[in-house]
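The structure appears below as structure tokens.
Here is the naming used below: chain letters follow the sequence lines, and residue numbers restart at 1 for every chain. Quick note: numbers below take in every heavy atom, side chains included, and nothing from hydrogens, waters or symmetry partners.
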Amino acid sequence: MGRESDAKGDAKLKQKGTKLKRLSDRENAGSGGDLIKKRSSKSKEKKNDGSPKQVREVLEPVGSCSDLVKLELQGDFTEKKKKGLKRKRVKDEPIEEEAAFVSERGIKPLSDEEASEGEAQKKESKKKPKKTVKKEEEEQPVTKKPKRSKEEIEEAKMLKMKKKEEEEQSRWRWWEEERYEDGVKWKCLEHNGPYFPPEYQPLPDNVNFFYNGKKMKLSLAAEEVALFFAQMLDHEYTTKKVFRENFFRDWRKEMTHQERLVISDLEKCDFRELHAFHKDKVEARKALSKEEKQAQKDANQKIVDKYGFCLLDNHRERIGNFKLEPPGLFRGRGEHPKQGMLKKRIQPEDIIINCGKESKPPAPPAGHHWKEVRHDNTVTWLASWTENVQGSIKYIMLNANSKLKGEKDWEKYEVARKLKSCVDSIRDGYLRDLKSKQMVTRQRAVALYFIDKLALRAGNEKEEGETADTVGCCSLRVEHITLHDELDGNDCVVEFDFLGKDSIRYYNKVPVIKKVFKNIKLFMESKDPGDELFDRLNTALLNKHLSSLMPGLTAKVFRTYNASITLQQQLQQLTNKSDNVAEKLLSYNRANRAVAILCNHQRAPPKTFEQSMANLHSKIVARKEQLALAKTELKLAKKELKTRGSPDSKLQSVVDRKAAAVKRCEDQLLKMEVQATDREENKQIALGTSKLNYLDPRISVAWCKNMDVPIEKIYNKTQREKFAWAIDMTEADFEF
DNA sequence: TTAATGACTTAGGATTATGTTG
DNA sequence: CAACATAATCCTAAGTCATTAA
């Protein structure tokens with residue numbers, strides 16, 4: 001009940017905080033300086049403190065990413081071993097454990113293709129020590145641990161494969177079906193509603209909160225929230241002022257009147273026992289026995305079985321996020337003004353259920369009711385609620401491998417391909433517009449130039465004070481760019497430095513054409529650092545223009561298009577049919593990385609990065625020493641052979657052996673050095689996002705077919721499920 | 001015409017599962 | 001087999017963009 005009033009409060013706040021309105025833009029170029037939208041320049045200080053995690057040095061313009069990536073070795077998944085196992089392992093690799101929990105009549109042996117696949121393989125390989133991955137050759141029964149009979153092994157294998165076949169058969173090949181009429185997303189939809197997180201369990205009596213040094217028993221509600229804070233104590237952000245203030249304010253709201261009177265200063269709160277309690281709990285969970293862990297897993301599976309799926313048009317589809325978000329403290333990204341606020345527990349009374357008219361609506365938890373049950377088949381969500389921190393709506397939707405998501409994804413790439421066919425004329429258009437008399441048009445042209453060339457995001461306006469201060473193209477401010485008439489031998493260089501989505505820093509120095517450069521200079525004239533660069537432009541205007549150029553065209557399509565086309569080009573450039581699989585994969589990952597760099601997909605360097613890098617380097621050093629040793633030995637042997645004068649077959653073979661050792665050593669050294677370089681380069685680059693969201697999977701599938709690379713090397717199981725449509729329909733001659 | 005809302009995609013970090021190594 | 005490294009999965013925040021309401 002408090003929830004509703006909260007939401008209202010938020011809405012009001014928003015109104016108040018709304019930025020000055022943009023002024024209309026009827027003026028001509030060059031005369032608009034007075035109409036600039038003002039923005040408090042406090043925002044600018046924000047940006048640079050807290051030194052953004054990552055800096056990317058220089059980004060190549062689209063389509064010229066050639067030297068982005070030096071070397072790539074380590075491949076995405078567990079390629080190496082898979083590869084080894086790939087073809088033949090089937091036959092008689094012992095699969096001991098397997099047989100244990102699967103027991104069913106078998107099916108005929110796997111085709112070798114199948115056998116290697118996915119989990120079957122993974123499981124097997126982990127279970128047994130695995131004799132260094134057999135090379136492709138038919139492995140004989142080999143060692144074989146005595147435990148299980150051959151039949152059992154066979155049986156397990158068949159079982160596996162049967163399961164797989166079944167899975168294959170039950171897969172809904174929606175991409176072969178006709179689409180629904182506009183707007184209709186489904187005809188029948190049935191599900192069991194969301195899964196609620198467990199109730200709060202009160203602390204045991206021996207775990208206490210202390211205020212000002214005195215033990216204090218908290219009410220249930222206050223205790224729960226206190227525990228949220230205590231759990232995070234190891235995190236740096238619990239030391240941040242904003243976080244602490246937000247937390248404390250919201251915590252006090254949960255307290256009883258009595259508690260509120262006493263607890264007035266967060267500094268005087270001692271959560272240490274709660275913190276320790278939580279840590280112990282985590283430890284205990286880790287220390288569970290095998291059986292207990294298995295029991296947990298089984299219980300979990302049951303929940304998934306019941307709540308994790310829905311029935312959509314008579315097909316069982318996986319739900320993406322069927323578990324409701326548990327309560328906790330909000331942690332936004334970057335310098336979020338709302339960090340630390342209490343994210344409340346969601347009640348059934350907050351939830352709107354969406355399902356088919358004819359279907360039986362899910363039952364609310366006993367003693368509760370849903371906020372509403374509706375039957376809207378023009379949307380794809382199964383349940384929704386309004387979240388209390390930002391006041392936005394959250395949804396329960398289907399998994400990425402579902403028809404609903406897949407179809408949309410496919411469509412997205414089709415739009416991007418359509419852009420390919422008209423991108424030239426669109427480029428001509430905005431280049432022409434750079435000289436327009438209209439200020440808006442010029443701004444639009446420059447913005448488009450950025451979006452196209454640099455793959456910037458559109459940059460919607462955001463309410464100040466409600467979220468972290470981040471920008472995209474249209475919302476760039478003067479403070480985010482620096483102009484250099486000349487820099488590092490290039491003319492007309494624009495230096496970008498701003499925080500984008502998720503407060504990831506975008507840093508780039510780009511040479512641009514003169515007309516663009518001059519325009520930017522013009523836009524910046526007599527503006528303050530905190531003023532918008534494109535003061536006449538917004539995303540609505542931009543997209544309206546784009547959709548008039550091509551139906552379905554919006555700013556983000558350029559990102560998709562440029563990402564995919566870059567992958568295709570890079571793959572073509574980098575791979576040779578004659579390469580071996582490892583080399584091909586290397587090239588693929590390089591191409592992928594070129595895209596990730598283009599899209600600025602960064603990650604925090606892995607926690608263990610420095611360590612593992614150091615390990616690798618010390619290995620390299622060791623190997624170098626070994627190499628030096630091998631070399632001197634070789635030299636010695638050679639000398640001896642020479643002094644002998646007459647040919648000596650024995651000595652000769654020694655020399656040969658030494659030479660081979662040197663060679664081997666060199667190879668290994670090279671490989672490690674390559675790996676080191678590669679890892680170093682990938683330190684801050686995340687390949688996953690582009691692979692999942694920007695690269696038309698059909699490009700990859702076609703490449704695999706052309707290059708004789710198994711698709712499993714490129715996509716893991718989840719990814720193969722998501723891209724099943726592409727894997728199924730794509731021929732080798734596909735062109736994006 | 002603009003602001004707010006709604007629905008959906010995109011995103012990186014945290015957590016968990018798996019695999020490797022000493 | 002413990003300790004560690006890496007990959008997969010989970011989680012949910014933060015964008016985009018069209019529609020709706022004021």
Side-chain angles (χ1 to χ4, degrees), chain A residues 11 14-15 18-19 21-22 24 53-54 74-81 119 122-123 125-127 129-130 185 235 282 285-286 293 297 300 320-326 328 330-334 336 338-339 343 352 354 376 378-381 384 386-387 389-395 397-400 404-405 408-409 412 457-463 466-468 470-475 500-504 538-540 542-544 546-547 552 554-557 559-560 599-604 606-609 611-612 615-616 679 684 686 688-690 692-694 716-719:
Chain A
K14 274 186 204 164
Q15 253 161 17
T18 298
K19 289 192 287 193
K21 275 247 211 68
R22 180 181 307 279
S24 81
K53 306 175 252 227
Q54 291 110 18
Q74 82 211 69
D76 270 5
F77 320 117
T78 51
E79 316 292 30
K80 288 163 251 170
K81 76 204 44 127
E119 352 165 69
K122 267 194 291 195
K123 276 195 194 150
S125 46
K126 86 160 171 240
K127 301 268 155 129
K130 170 158 43 169
K185 304 289 169 58
H235 259 109
V282 171
R285 191 150 21 100
K286 264 195 265 178
K293 276 187 178 161
K297 241 178 135 178
N300 244 325
N321 57 329
F322 62 92
K323 287 181 176 171
L324 287 176
E325 297 174 16
F330 176 82
R331 174 59 199 167
R333 319 254 167 91
H336 198 117
K338 296 195 171 184
Q339 63 189 102
K343 203 169 104 166
I352 301 173
N354 191 35
D376 182 353
T378 68
V379 297
T380 67
W381 51 269
S384 75
T386 299
E387 162 266 351
V389 174
Q390 318 237 45
S392 63
I393 306 172
K394 299 242 177 163
Y395 303 91
M397 289 182 184
L398 296 187
N399 188 276
L404 253 25
K405 295 288 186 187
K408 202 80 188 295
D409 211 35
K412 171 181 77 185
R457 295 188 183 82
N460 283 308
E461 282 150 291
K462 307 166 70 185
E463 289 154 286
E466 296 290 299
T467 61
T470 62
V471 298
C473 185
C474 292
S475 49
K501 183 178 179 181
D502 294 316
S503 292
I504 295 292
N538 61 35
T539 53
L542 182 69
N543 282 333
K544 212 176 121 210
L546 287 176
S547 70
T554 62
K556 88 186 182 89
V557 178
R559 254 168 99 79
T560 312
C599 294
N600 200 37
H601 290 143
Q602 302 189 23
R603 61 170 183 176
K607 272 251 176 334
T608 57
F609 186 84
Q611 183 57 55
S612 76
N615 289 156
L616 191 56
R679 208 185 287 183
Q684 299 161 262
T689 304
S690 49
L692 237 49
N693 299 303
Y694 288 103
N716 69 23
K717 182 160 173 269
T718 312
Q719 293 164 161

Give a yes/no on whether any side-chain N or O of [X] is located under 4.0 angstrom from OP1 or OP2 of [N].
X	N	answer
A:Ser612	C:dT6	yes
A:Lys405	B:dC8	no
A:Lys293	B:dA17	no
A:Thr554	C:dT16	no
A:Gln390	C:dA14	yes

Could you give the [atom1]-to-[atom2] distance, from [X] to [N], as a whole number of Å?
X	N	atom1	atom2	result
A:Tyr694	B:dT9	OH	P	13 Å
A:Asn543	C:dT16	CG	C1'	8 Å
A:Asn321	B:dC8	CG	C1'	12 Å
A:Asn693	C:dT16	CG	P	14 Å
A:Tyr395	C:dC11	OH	P	20 Å
A:Arg331	C:dA13	CZ	C1'	11 Å
A:Leu324	C:dC10	CG	P	16 Å
A:Phe322	C:dC10	CZ	C1'	10 Å

Hey, does [X] reach any base, or is it just sugar-phosphate, or nothing, if we go heavy atoms under 4.0 Å?
X	result
A:Ala555	sugar-phosphate
A:Thr539	nothing
A:Lys297	nothing
A:Gly688	nothing
A:Gly472	nothing

Nearest to the side chain of [X], heavy atoms from C-beta on, is which of [options]?
X	options	value
A:Thr470	C:dA18, C:dA8, C:dG15	C:dG15
A:Asn460	C:dT16, C:dA13, C:dT9	C:dT16
A:Thr718	C:dA14, C:dT9, C:dA18	C:dT9
A:Asp409	B:dT10, C:dT6, C:dA14	B:dT10
A:His235	B:dA14, B:dT10, C:dT12	B:dA14
A:His601	C:dA13, C:dC11, B:dA11	B:dA11
A:Ala458	C:dC17, C:dA8, C:dT12	C:dC17
A:Arg457	C:dC17, B:dA7, B:dA11	B:dA11
A:Lys556	C:dT6, B:dG12, C:dT16	C:dT16
A:Ile393	C:dT12, B:dA7, B:dA11	B:dA7

- Message: Which heavy atom of A:Ala400 sits nearest to which heavy atom of A:Lys405, and what is that distance?
- Response: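 Nearest pair, atom of A:Ala400 first, then A:Lys405: O-CB, 3.8 Å.
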
- In plain terms, say whether A:Lys338 and A:Glu466 are close enough for a salt bridge, that is, a side-chain N and a carboxylate O under 4.0 Å apart.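 So A:Lys338 pairs with A:Glu466 through a salt bridge.
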
- Message: Let me spell it out: for each of A:Lys412 and A:Ser384, pick the nucleotide of DNA chain B with the closest heavy atom. Which residue's pick is nearer the 5' end?
- Response: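 Its nearest nucleotide being more 5', the pick is A:Ser384.
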
- Query: Of A:Arg559 and A:Lys185, whose closest DNA chain B nucleotide lies nearer the 5' terminus?
  - Reply: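 Nearest-nucleotide comparison on DNA chain B picks A:Lys185.
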
A side-chain contact here means heavy atoms from C-beta on lying under 4.5 Å apart; do [X] and [Y] qualify?
X	Y	value
A:Thr467	A:Gln390	yes
A:Val379	A:Lys185	no
A:Cys474	A:Glu461	no

- Message: Pick the closest DNA chain C nucleotide for A:Lys323 and for A:Asn615 by heavy atoms, then say which residue is nearer the 5' end.
- Response: A:Asn615

- Task: Using the six-membered ring wherever Trp is involved, compare the ring planes of A:Trp381 and A:Tyr395 and label them parallel, tilted or perpendicular (cut-offs 30° and 60°).
- Result: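 Aromatic pair A:Trp381/A:Tyr395 classed tilted.
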
- Query: Considering only heavy atoms and no angle criterion, is a donor-acceptor pair shorter than 3.5 Å present between the side chain of A:Lys501 and the base of B:dT10?
  - Reply: yes

- Task: Could you go through the side chain to side chain donor-acceptor pair (under 3.5 Å) check for A:Asn543 and A:Thr554 one step at a time?
- Result: CA-CA 5 Å; A:Asn543 282 333; A:Thr554 62; 4.7 Å; no

